[in-house]
**Student:** 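First the structure, which I've put down as structure tokens, then a few questions once you've had a look.
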Amino acid sequence: MLLDKPYTKTLKILLYSFKNPVFNSHLVKKTLPFTYTQSCAYVDVYMKWKQDPYFESIEHIHKSLELKPIIALKNFIARERSGSIPISVVSKRGLEFDIHINVARFMRQYPSIFEEFTGPLYNLPWFRLTQEAIEIDREERRVYEECRDDLREGLRRFILMSREKVLHLKIIKGLEWYLGLPSDFLENPEVNLNGSFRFVDMEDGLKGLAVVESEGEGVLSVLQRNAIKRGVYSGEPNEAIEFPLFPSQGLRLRRKIEDWLIDFQRLPYVSPYEDYSHLDPSTDLAEKRVVGFLHELLSLFVDHTVERKRLLCLKKQFGLPQKVHKAFERHPRMFYLSLKNKTCTAILKEAFRSKSAIPNHPLLNVRKRYIKLMKQSDRILKSRRVNNRSGDQPSVVKGLDSDYEEDCRGGAMAD
């Protein structure tokens, strides 16, 4: 039987490789047709980090971590029937609210949100929300009520990107701040979840939340939806989508990296909602799938940012490589890494440079209002310091401090 020339050449290469163990297997990978799209051509993309003043100046990104424990305390107070609490209720629960200093001291740093007054017994300090904080809290609850479907859809997409379409509840709880979910979202499944979700028992004995997919259901990523709108994507298999790139001022790439990036953009787009088990983890195609996953993940978050260390718990469930953080460093035109607040925050550039591409999260404006109110605390504290110097400030707060500290010392000695 006669064979076509390409098949004859491939057969000769295979026969030669069996006779010669030292044969360069990379040549086989390049020749065989079924390995073409996953050929590995790793380029060491390393660039010195360069600060971008634009992303460093976006206030709601860098104030988000400071706001998180404030909202946790605010919610705790708002759930009380009287709308106020004695400091003794939360004084020993700092770690629960992600507060690493004395809780009373922390709350006194934000007088625009937490109002202190003398309690009915033993002259202990009590706290309640200021009127401005109560008004924003009402708006926040209204947003949760009106946008419950959007929040549910964001959670559904997050779970659908996982390997088994199911996630540990602890993973969801760990990222609920970024997803914009209220702290009691999973505690009220009858109200917040619908028939597409179900609780399951995981292998390790923990509870998980799974998504029930409808037959024939296709989930498009934000990149796919935008590419369809621009008329550059039709949804065919192995079709390429180029990632939107936004170079930082003064950040130049070497010629070798530029050439690699052009080839990388031409690779087929692998949706984060597709099966990826067939991909070779050492290939550029697998890297494009990881970058696409990170793009989709950040597009679901309220600020379109995340602390990089938060991704460590996602590796197993989402099939991410051991050094997933390298993806941010290898693609500085897609992501910016900020080193503010003694942490590393990954920022999706497209969300800020092309605002029509990724819609704002419904909770974003509420958080901006909280941050604006939070900043008023600095003026209040400064005014108090000025009044203290002139001797006009009453000494009631100081008295409360000393009384409470004495009470705590007495309690500690008793223990």
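For clarity, every value in this text was computed on a predicted model and none was experimentally measured.
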**Student:** Roughly how far, to the nearest 0.5 Å, is the CD1 atom of I358 from the CG atom of L223?
**Tutor:**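 If I round to the nearest 0.5 Å, the distance is 7.5 Å.
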
**Student:** Quick one: does NZ or CZ of R353 land under 6.0 Å from the six-membered ring centre of Y54, within 45 degrees of the ring axis?
**Tutor:**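 Checked: cation-pi criterion met.
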
**Student:** Side-chain contact test, heavy atoms from C-beta onward, threshold under 4.5 Å: evaluate it for I113 versus L73 and give yes or no.
**Tutor:**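 A side-chain contact is absent here, since even the closest heavy-atom pair is not under 4.5 Å.
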
**Student:** With sequence neighbours left out, which residue pairs that include part of residues 268-277 fulfil the salt bridge (charged side-chain N to carboxylate O under 4.0 Å, His left out) condition?
**Tutor:**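 Every pair satisfying salt bridge (charged side-chain N to carboxylate O under 4.0 Å, His left out) with a residue in residues 268-277: there are none.
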
**Student:** Assess the side chains of Y269 and R289: does a donor N or O sit below 3.5 Å from an acceptor N or O?
**Tutor:**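 Per modelled atom types, Y269 and R289 side chains form no pair under 3.5 Å.
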
**Student:** Cut-off 3.5 Å, side chains only: do E56 and S338 have a donor facing an acceptor?
**Tutor:**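 Side-chain D/A pair, E56 to S338: present.
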
**Student:** With a cut-off of 6.0 Å (strictly less than), are more than 12 heavy atoms of other residues, nucleotides or ligands near CZ of R225?
**Tutor:**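 Correct, the count exceeds 12.
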
**Student:** For F246, does the six-membered ring have the charged nitrogen or CZ of R333 within the cation-pi criterion, i.e. under 6.0 angstrom from the centroid and within 45° of the normal?
**Tutor:**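 Geometry flag: not set, cation outside 6.0 Å or 45°.
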
**Student:** So, do W177 and H361 have ring centers that fall under 6.0 Å from each other?
**Tutor:**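 No, too far apart.
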
**Student:** So, T343 versus N341: side-chain donor-acceptor pair below 3.5 Å or not?
**Tutor:**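 No pair is found: no donor N or O on one side chain lies under 3.5 Å from an acceptor on the other.
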
**Student:** Checking E239 side chain against S234 main chain: does a donor-acceptor pair fall under 3.5 Å?
**Tutor:**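 At least one qualifying donor-acceptor pair exists.
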
**Student:** Any Lys/Arg nitrogen of R254 or E258 sitting under 4.0 Å from an Asp/Glu carboxylate oxygen of the other?
**Tutor:**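 E258 and R254: not salt-bridged.
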
**Student:** Under a 3.5 Å distance rule, please check whether N102 uses its side chain to pair with a backbone N or O of R105 as donor and acceptor.
**Tutor:**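 Yes; judged by distance alone, with no hydrogens or angles, the pair exists.
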
**Student:** Check whether K349 reaches the backbone of F335 with its side chain - one donor and one acceptor, N or O, closer than 3.5 Å.
**Tutor:**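 No, the answer is negative, given that no donor and acceptor are paired below the 3.5 Å cut-off.
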
**Student:** Using a strict 4.0 Å threshold on nitrogen-to-oxygen distance, state whether R152 and D149 make a salt bridge.
**Tutor:**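 Judged by the 4.0 Å cut-off on N to carboxylate O distance, R152 and D149 do form a salt bridge.
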
**Student:** Would you say the side-chain atoms of S354 pair up with the backbone N or O of S356, donor to acceptor, closer than 3.5 Å?
**Tutor:**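 Not confirmed, S354 side chain does not pair with S356 backbone.
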
**Student:** Looking at side-chain heavy atoms only, is the closest gap between L124 and T118 below 4.5 Å?
**Tutor:**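 Result no, sub-4.5 Å side-chain heavy-atom pair not found.
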
**Student:** Salt-bridged, R142 to E146, with N to O below 4.0 Å?
**Tutor:**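 Looking at E146 together with R142, the answer is yes, because their closest N to O distance falls below 4.0 Å.
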
**Student:** Indicate yes or no for a side-chain donor-acceptor contact from H62 to the backbone of E59 under 3.5 Å, with no hydrogens or angles considered.
**Tutor:**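 No, because the side chain of H62 does not come within donor-acceptor range (under 3.5 Å) of the backbone of E59.
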
**Student:** Answer yes or no: is there a donor N or O on one side and an acceptor on the other, between the side chain of Q224 and the main chain of S221, under 3.5 Å?
**Tutor:**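 Present.
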
**Student:** When you look at V270 and L285, which way does the side-chain contact (heavy atoms from CB on, under 4.5 Å) test go after all the steps?
**Tutor:** CA-CA 8 Å; V270 182; L285 189 61; 4.1 Å; yes

**Student:** Using the ring pair (Phe, Tyr, Trp, His ring centres under 6.0 Å) rule, pick out the option among F318, F197, Y178 that qualifies with F158.
**Tutor:**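 So, applying the ring pair (Phe, Tyr, Trp, His ring centres under 6.0 Å) to F158 and each of F318, F197, Y178, only F318 qualifies.
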
**Student:** Decide if the gap between the ring center of F106 and the ring center of H100 is smaller than 6.0 angstrom.
**Tutor:**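 That pair fails the under 6.0 Å test.
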
**Student:** Without swapping roles, check the side chain of S248 against the backbone of D52 for a donor-acceptor pair under 3.5 Å.
**Tutor:**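 Not a single qualifying donor-acceptor pair exists.
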
**Student:** Would you find a donor on one side and an acceptor on the other, under 3.5 Å apart, between the side chain of D201 and the backbone of K207?
**Tutor:**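 Here the side-chain-to-backbone pair does not exist.
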
**Student:** For the pair E307 and R310, find out whether any cationic side-chain nitrogen is under 4.0 Å from an anionic carboxylate oxygen.
**Tutor:**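 Yes, charged N to carboxylate O under 4.0 Å.
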
**Student:** Taking it one step at a time, do R156 and E153 satisfy salt bridge (Lys or Arg N to Asp or Glu O under 4.0 Å)?
**Tutor:** CA-CA 5 Å; R156 190 179 78 94; E153 177 62 16; 3.1 Å; yes

**Student:** Could you check whether Y110 and Q376, counting side-chain N and O atoms only, form a donor-acceptor pair closer than 3.5 Å?
**Tutor:**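 Side-chain D/A pair, Q376 to Y110: absent.
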
**Student:** Can you confirm if the NZ or CZ of R108 lies within 45° of the ring axis of F114 and under 6.0 Å from the centre of its six-membered ring?
**Tutor:**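 Not flagged: R108 not positioned over aromatic ring of F114.
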
**Student:** Let me confirm one number: the CG-CG distance from L155 to N192, rounded to the nearest 0.5 Å.
**Tutor:**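 Result: 10.0 Å between the selected atoms.
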
**Student:** May I have the step-by-step check of side-chain contact (heavy atoms from CB on, under 4.5 Å) for M161 and L297, ending in yes or no?
**Tutor:** CA-CA 9 Å; M161 287 192 290; L297 182 69; 4.2 Å; yes

**Student:** Before you tell me yes or no, could you show the steps for H331 and F264 under side-chain contact (heavy atoms from CB on, under 4.5 Å), namely the whole-Å CA-CA distance, both residues' side-chain angles and the distance that decides it to 0.1 Å?
**Tutor:** CA-CA 11 Å; H331 297 275; F264 182 83; 3.5 Å; yes

**Student:** Measuring only between side-chain heavy atoms, which start at C-beta, is K368 closer than 4.5 Å to N365?
**Tutor:**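 The answer is yes; the side chains approach within 4.5 Å.
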
**Student:** Just by distance, do the side chain of D303 and the backbone of I61 share a donor-acceptor pair under 3.5 Å?
**Tutor:**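 Pair absent, no side-chain N/O of D303 close to backbone of I61.
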
**Student:** With a 3.5 Å cut-off and no angle check, do the side chains of Y336 and T345 form a donor-acceptor pair?
**Tutor:**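 Looking only at side-chain atoms, T345 and Y336 do not form any donor-acceptor pair under 3.5 Å.
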
**Student:** With a 4.5 Å cut-off on side-chain heavy atoms, are L151 and Y144 touching?
**Tutor:**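 Contact flag for Y144/L151 side chains = yes.
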
**Student:** Closer than 4.0 angstrom, basic N to acidic O: yes or no for R308 and E329?
**Tutor:**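 Yes, R308 and E329 are salt-bridged.
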
**Student:** The test is side-chain contact (heavy atoms from CB on, under 4.5 Å); show your working for V302 and L179 and say whether it passes.
**Tutor:** CA-CA 6 Å; V302 177; L179 290 165; over 6 Å; no

**Student:** Could you give the distance from CG (L373) to CG (L67), rounded to the nearest 0.5 Å?
**Tutor:**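 Answer rounded to 0.5 Å: 10.0 Å.
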
**Student:** Can you check whether I380's main-chain N or O pairs, donor with acceptor, with S383's side chain at less than 3.5 Å?
**Tutor:**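 Side chain of S383 to backbone of I380: no pair is present.
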
**Student:** Using the six-membered ring wherever Trp is involved, compare the ring planes of F352 and F55 and label them parallel, tilted or perpendicular (cut-offs 30° and 60°).
**Tutor:**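 Geometry flag for F55 against F352: perpendicular rings.
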
**Student:** I'd like to know if R157 and E296 make a salt bridge, using a cut-off of under 4.0 Å between side-chain N and carboxylate O.
**Tutor:**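 Salt bridge: yes.
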
**Student:** Is R330 paired with E287 through a side-chain N to carboxylate O contact shorter than 4.0 Å?
**Tutor:**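 Salt bridge flag = yes for R330 with E287.
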
**Student:** Can you tell me which residue pairs pass the salt bridge (charged side-chain N to carboxylate O under 4.0 Å, His left out) test with a partner in residues 167-180, sequence neighbours excluded?
**Tutor:**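 Salt bridge (charged side-chain N to carboxylate O under 4.0 Å, His left out) check on residues 167-180 returns K173-E176.
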
**Student:** Between the side chains of E140 and K74, is the shortest nitrogen-to-carboxylate-oxygen separation below 4.0 Å, so that they form an ion pair?
**Tutor:**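 A salt bridge is present here (some side-chain N lies under 4.0 Å from a carboxylate O).
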
**Student:** May I ask you to decide whether D378 forms a salt bridge with K382, counting only side-chain N to carboxylate O separations under 4.0 Å?
**Tutor:**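 Salt bridge absent between D378 and K382.
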
**Student:** Hey, are E350 and H295 close enough side-chain-wise for a donor-acceptor pair under 3.5 Å?
**Tutor:**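 Indeed, the side chains of H295 and E350 share at least one donor-acceptor pair under 3.5 Å.
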
**Student:** To the closest 0.5 Å, what do you measure between OG1 (T130) and CD (E116)?
**Tutor:**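 Output value for this atom pair is 13.5 Å.
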
**Student:** Going from CG on L193 to CG on N188, what distance comes out if it is rounded to the nearest 0.5 angstrom?
**Tutor:**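 One gets 9.5 Å once the value is rounded to the nearest 0.5 Å.
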
**Student:** Quick one: do D284 and K288 make a salt bridge, cutoff under 4.0 Å?
**Tutor:**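 Salt bridge absent between D284 and K288.
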
**Student:** In Å, rounded to the nearest 0.5 Å, how long is the span from CG of L298 to CE of M334?
**Tutor:**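 Between L298 CG and M334 CE, I get 9.0 Å after rounding to 0.5 Å.
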
